[in-house]
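To start, the structure itself, in structure tokens.
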Amino acid sequence: MTGALQHADDDNVARCVRCGAEAAGPCASCHDPVCGDCSTLTEGGVRTWAICLGCADRRGRRLSGAWRGLLLWLGAIFVGLALVTWLVGKLVG
């Protein structure tokens with residue numbers, strides 16, 4: 001025998017990283033094993049993916065990211081319209 005650690009049991013079942021229950025599968029984002037209670041479904045194009053709750057929090061399943069993007073687009077449109085108005089005013093007057 002060597003001095004390395006060896007498995008004494010035959011329990012090769014993957015365990016959830018959050019609660020320790022039997023994992024249903026890996027998180028689609030971080031690939032950690034998660035159970036059904038510690039995961040949420042999200043849409044990634046045509047397919048539906050299961051991601052862990054930690055990735056769901058980090059990836060921003062809240063609307064704050066969407067609102068920030070919308071406000072940036074509206075701000076860019078406003079600045080563009082102000083620039084066009086200023087240029088037209090300079091050319092006409």
Side-chain angles (χ1 to χ4, degrees):
M1 281 198 54
T2 63
L5 293 175
Q6 306 209 358
H7 278 295
D9 59 343
D10 291 328
D11 187 19
N12 290 332
V13 177
R15 296 285 172 187
C16 177
V17 295
R18 292 179 64 92
C19 69
E22 185 174 338
C27 169
S29 183
C30 67
H31 306 291
D32 285 341
V34 291
C35 67
D37 293 333
C38 296
S39 63
T40 185
L41 297 178
T42 184
E43 292 183 15
V46 179
R47 294 190 53 177
T48 300
W49 301 93
I51 59 172
C52 68
L53 297 176
C55 287
D57 289 341
R58 283 191 300 274
R59 293 181 77 189
R61 289 186 51 89
R62 297 178 209 96
L63 291 176
S64 62
W67 281 110
R68 187 177 310 119
L70 176 65
L71 291 176
L72 285 174
W73 273 105
L74 290 175
I77 291 170
F78 179 74
V79 168
L81 287 174
L83 181 63
V84 167
T85 304
W86 179 76
L87 286 174
V88 168
K90 283 290 203 179
L91 292 175
V92 173

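Not measured: the values here are computed from a predicted model. Along the sequence shown, the residues carry numbers beginning at 1.
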What heavy-atom pair brings Ala56 and Thr40 nearest, and what distance separates the two atoms?
-> CB-CG2, 3.8 Å
Between atom CG of Leu53 and atom CZ of Arg58, what is the distance when rounded to the nearest 0.5 Å?
-> 10.5 Å
Note, Cys38 side chain near Cys52 side chain (heavy atom, < 4.5 Å) | no
For Ala28 and His31, the nearest pair of non-hydrogen atoms, with its separation, is O-CE1, 3.9 Å
What's the spacing between Arg18 CZ and Asp32 CG if we round to 0.5 Å?
-> 10.5 Å
Shortest non-hydrogen contact from Glu22 to Cys35?
-> O-CB, 3.6 Å
Min side-chain heavy-atom separation Val17-Pro33 under 4.5 Å | yes
Atom pair CG (Leu72) and CD1 (Ile77), whose distance is rounded to the nearest 0.5 Å | 11.0 Å
Approximate separation, where rounding is to 0.5 Å, of Trp86 CH2 and Leu91 CG | 9.0 Å
Of the non-hydrogen atoms in Val34 and Pro26, which two are nearest, and what is the gap between them?
-> CG2-C, 4.4 Å
